[in-house]
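Read through the structure below, which is laid out as structure tokens, and then see the notes.
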Amino acid sequence: MDYLQKAYCMNQSMRIYAAITTDMVRHAQEIFNMWPSSIDAFGRLLTISSIMSATYKSGETLNIFVKGDGPIGKMTVEAKDCKLRGYVSNPGVFLQNNDGSINIRKAVGYGEIEIIKDLHMRDVFSSSSEIIEGDIANDFTYYFAKSEQIPSSVGLGVSFDTNTNKVISAGGFLIQVMPGCKIEYIEKLENKLRSLKPTTEMIKEGYTPIDIINEITDGDYELLETKEIKYECNCSKDKFKKGLKSIGKIELEKILNEDKKAEITCNFCNKKYIFTEDDLKEIIFEL
Ligand SMILES: [Zn+2]
């Protein structure tokens with residue numbers, strides 16, 4: 001089971017969130033049959049999205065888009081209460097660096113991060129920032145500083161079985177500096193981050209969320225709540241039926257006459273829904 005641990009550190013002047021998201025990222029790789037660069041980038045995005053979701057109140061929905069000009073194309077994530085779903089334009093990207101490691105920077109490219117928050121108020125809030133590196137972690141560190149004015153640090157990682165290219169583990173962390181934090185604490189954190197073990201190594205070694213927090217804080221932390229993280233799509237045949245209805249009677253009759261059925265695949269979970277001739281006749285009748 002994937003989960004996230006929240007904690008305080010530096011005398012309660014910083015908040016830290018650490019998550020292991022292995023099950024979620026493996027699940028995404030499986031359902032979309034994703035190649036290494038695509039799932040490395042998307043796995044990182046799913047992880048930071050789950051953490052962001054935990055920073056918001058229950059019931060608030062985040063729509064997160066990473067729109068880079070690299071071959072992966074657009075990445076989309078929807079997150080609510082640490083339940084996530086999403087997809088990428090191109091799941092089949094595998095670029096390698098000279099040393100054979102997986103390249104995600106080129107695969108993501110440059111462009112924009114956009115976040116739309118539905119906080120159940122009258123309006124939805126939208127904010128954005130540039131993709132500065134394409135490694136997702138530094139891009140979101142930049143996003144938090146620029147768009148939310150919260151000095152932060154993000155670490156993300158996905159580790160692979162180099163023979164099968166399957167995801168072994170995934171996870172990450174977010175540190176947020178709260179207003180009024182003493183400068184000496186910020187310097188202490190910066191020093192620590194400079195020598196910190198790479199996130200990908202930590203998760204490869206099987207660190208739990210608490211292990212990650214322990215590593216970053218040298219054991220000086222106060223644990224707060226934990227939260228379960230899950231990949232979950234709430235699609236149903238009924239929802240797609242409503243979608244079909246919205247295209248109108250003329251278009252539906254055309255589908256009925258030409259194809260005798262309609263096949264719809266959910267973008268978020270790759271599940272196929274088939275509407276038979278009888279289903280289509282019923283929908284047209286209901287109109
Ligand atoms: Zn679905």
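Note that ligands are numbered from 1 as they come in the structure, with each ligand's atoms numbered from 1 the same way. All heavy atoms count here, side chains included; hydrogens, waters and symmetry mates do not. Note that the structure is a prediction, hence the values are computed from the model and not measured.
To the nearest 0.5 Å, atoms OG (S169) and CG (D161) are separated by 11.0 Å.
Under a hydrophobic clustering in which Ile, Leu, Val, Met, Phe, Trp and Tyr are joined whenever their side-chain heavy atoms come within less than 4.5 Å, directly or via other members, V66 and L95 fall into the same cluster.
One side chain, D135 or N138, offers a donor N or O that lies under 3.5 Å from an acceptor on the other. Judged purely by distance below 3.5 Å, without hydrogens or angles, the side chains of S236 and D238 never pair a donor atom with an acceptor atom.
Aromatic ring pairs are classed by plane angle as parallel below 30°, tilted from 30° to 60° and perpendicular above 60°; the pair Y273 and F240 is tilted.
Near the Zn ion (ligand 1), less than 2.8 Å away, sit the protein N, O or S atoms C233 SG, C235 SG, C266 SG, C269 SG.
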Item to complete: Take L196 and M202 through the test side chain to side chain contact (heavy atoms under 4.5 Å, CB included) and record every step on the way to the result.
Response: CA-CA 10 Å; L196 190 71; M202 288 196 250; 3.9 Å; yes

